[in-house]
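For reference, the structure is listed below as structure tokens.
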Amino acid sequence: MIGNELKPRIGLFGRRNVGKSSLVNYLTGQQIAIVSDTAGTTTDPVRKSMEIGGIGPVVLVDTAGIDDEGTLGAQRVEKSMAALAEVDLALLLYTEWGEPEERVVRWCTEHSTPLLRIRSKVDTPDFPNHPDHPDFRLTTSDPSLREGLIEAIRKAMPESAYHKRTLLGDVVHQGETVVLVTPIDSSAPEGRMILPQVQVLRDLMDLHAVAVFCQPEELEVESGKWKVESPRLVITDSQAFERVAAVVPEEVPLTSFSVVLARQKGLFEEYLEGTRMIGDLKDGDRVLLLESCTHNVTCEDIGRVKLPAALKKATGKSLQCEVIGGQSPLPKDLSQYALVIQCGGCVITAQQVKARLLPALEVGVPVSNYGLALAWCGGIFDRATKIFKQ
Ligand code: SF4
């Protein structure tokens with residue numbers, strides 16, 4: 001998944017049996033997708049990492065029909081529409097035009113997602129009163145059209161799809177020193193480093209900065225005679241934040257790995273705003289905690305134990321915290337929640353985190369993030385986010 005993040009994501013949308021799976025095969029030149037004349041062959045969105053000649057490595061997101069029917073069909077349509085939020089470019093295939101197509105166009109317009117309208121199966125007659133103008137006319141039975149289609153996709157693909165977002169490139173520069181405080185505990189036992197630490201280290205290497213690792217106790221021992229001269233920044237594990245904050249001089253910027261990752265994975269401005277709403281929570285308020293994977297739950301679990309306890313302690317309120325793990329569907333009525341708090345989302349893309357949070361934002365529910373919420377509860381929110389607000 002980490003590798004996939006750096007590849008442009010192209011989504012295929014359209015009614016059942018409009019030729020989406022045939023297009024996957026046409027683009028890749030391989031029989032990768034199952035093609036069937038039976039409508040509804042693709043059910044949930046299918047993500048495939050592949051190389052397309054003329055474009056390069058991409059992730060193709062093949063979706064179910066946007067016109068599916070019945071209770072299950074409606075759920076598939078919702079999943080297909082939700083997949084729009086994770087793609088850099090949407091390909092809308094159609095042989096007729098109506099509300100399903102308009103819905104995709106509206107979504108892309110509202111969310112500034114580039115869209116390529118492809119009139120599929122052009123060897124079939126045009127439908128009457130066609131109100132739309134395709135960007136491309138295609139039949140996958142004609143290989144000579146492939147080059148033109150590739151060119152159209154290349155032109156429509158936004159530049160941002162190719163850029164890896166740096167974690168710290170806006171605040172750390174070449175030659176500057178960053179101290180990384182990494183406790184060895186049950187989540188990072190001896191011989192292992194956790195993913196956020198590895199990601200931050202890699203980013204610092206890319207920036208040609210100097211990374212100094214230590215555990216909290218070394219920082220304390222060294223505090224009086226700190227050998228690290230004028231570090232640009234100290235980044236610590238959230239769990240050790242208070243301990244580290246007590247040692248690191250006030251003038252040295254301090255943040256946590258989870259805050260750094262929150263900037264990359266999600267809606268940081270919305271997180272900042274939503275996190276402040278913790279102070280407004282009232283007795284009986286419901287808080288929805290979203291975890292992007294179904295990791296092994298331990299007795300120290302952040303979503304089920306630590307964060308609910310920290311929220312209760314910091315607000316003094318009796319809150320109802322509920323956790324949803326993996327990609328389980330969100331509750332239908334999100335407006336019943338006073339706050340939604342998203343985990344770091346280390347196994348999914350930034351676009352997928354956004355897709356998960358958009359329904360809450362659309363009904364006016366504030367959103368926060370595990371690391372930021374813990375920082376707020378620990379009273380260190382302002383300090384942990386200060387460097388990113390300058
Ligand atoms: S941060 Fe989220 S996605 Fe990553 S391990 Fe924790 S629950 Fe799973």
Side-chain angles (χ1 to χ4, degrees), residues 1-6 9 45 47 59 82-83 85-86 165 167-168 180-189 191-203 235-241 255-268 270-272 274-275 287-311 321-331 337 339-360 367-378 381 384-385:
M1 185 61 78
I2 296 298
N4 287 350
E5 265 180 51
L6 311 180
R9 295 171 85 87
R47 296 164 185 86
V59 176
E86 69 176 84
R165 254 181 89 176
L167 291 171
L168 293 162
L180 305 167
V181 187
T182 56
I184 295 176
D185 56 18
S186 57
S187 62
R192 281 185 50 208
M193 287 176 72
I194 57 175
L195 188 58
Q197 296 166 356
V198 175
Q199 286 178 282
V200 168
L201 176 60
R202 177 68 221 201
D203 197 58
I235 307 175
T236 177
D237 184 277
S238 304
Q239 308 301 316
F241 201 104
T255 189
S256 68
F257 288 101
S258 47
V259 170
V260 172
L261 269 292
R263 298 177 72 221
Q264 187 200 36
K265 290 285 181 68
L267 306 152
F268 194 63
E270 287 83 353
Y271 285 165
L272 292 180
T275 303
V287 178
L288 184 62
L289 308 175
L290 299 181
E291 301 198 330
S292 300
C293 71
T294 46
H295 60 101
N296 284 336
V297 177
T298 69
C299 57
E300 291 191 322
D301 185 76
I302 296 178
R304 287 155 191 82
V305 182
K306 282 186 185 163
L307 189 47
L311 287 168
C321 294
E322 299 159 36
V323 182
I324 293 188
Q327 292 303 307
S328 304
L330 295 176
Y337 295 95
L339 180 65
V340 172
I341 309 180
Q342 164 72 40
C343 77
C346 62
V347 301
I348 61 172
T349 66
Q351 281 288 68
Q352 286 171 317
V353 172
K354 284 181 194 165
R356 198 77 169 144
L357 294 174
L358 274 176
V367 297
S368 178
N369 156 279
Y370 275 23
L372 290 166
L374 282 170
W376 194 93
C377 294
F381 174 74
T385 55

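Remember, it's 1-based here, ligands and their atoms both numbered in the order they're listed. If you're wondering where the values come from, they're calculated on a predicted model, not measured in any experiment.
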For atom 8 (Fe) of ligand 1, find the nearest protein heavy atom and state the residue, atom name and distance (0.1 Å precision). Cys293 SG, 2.2 Å
Under 4.0 angstrom from atom 6 (Fe) of ligand 1, is there any protein heavy atom? no
I need the nearest protein heavy-atom contact for atom 4 (Fe) of ligand 1: residue, atom name and distance, please. Cys346 SG, 2.3 Å
Should Lys354 and Glu86 count as side-chain neighbours, where that means a heavy-atom distance under 4.5 Å? no
Within a distance under 4.0 Å of any heavy atom of Gly344, pick out the atoms of ligand 1 and give their elements. 1 (S)
Would you indicate whether the side-chain heavy atoms of Ile235 and Val181 approach each other to under 4.5 Å? no
CG of Leu195 to CZ of Phe257, rounded to nearest 0.5 Å, is 11.5 Å
Option with minimal heavy-atom separation from atom 2 (Fe) of ligand 1, where the choices are Pro196, Cys343, Ser258: Cys343
Side chains of Thr275 and Thr385 in contact at under 4.5 Å (non-hydrogen atoms): no
If you measure from CZ on Phe381 to OG on Ser256, what distance do you get to the nearest 0.5 Å? 11.0 Å
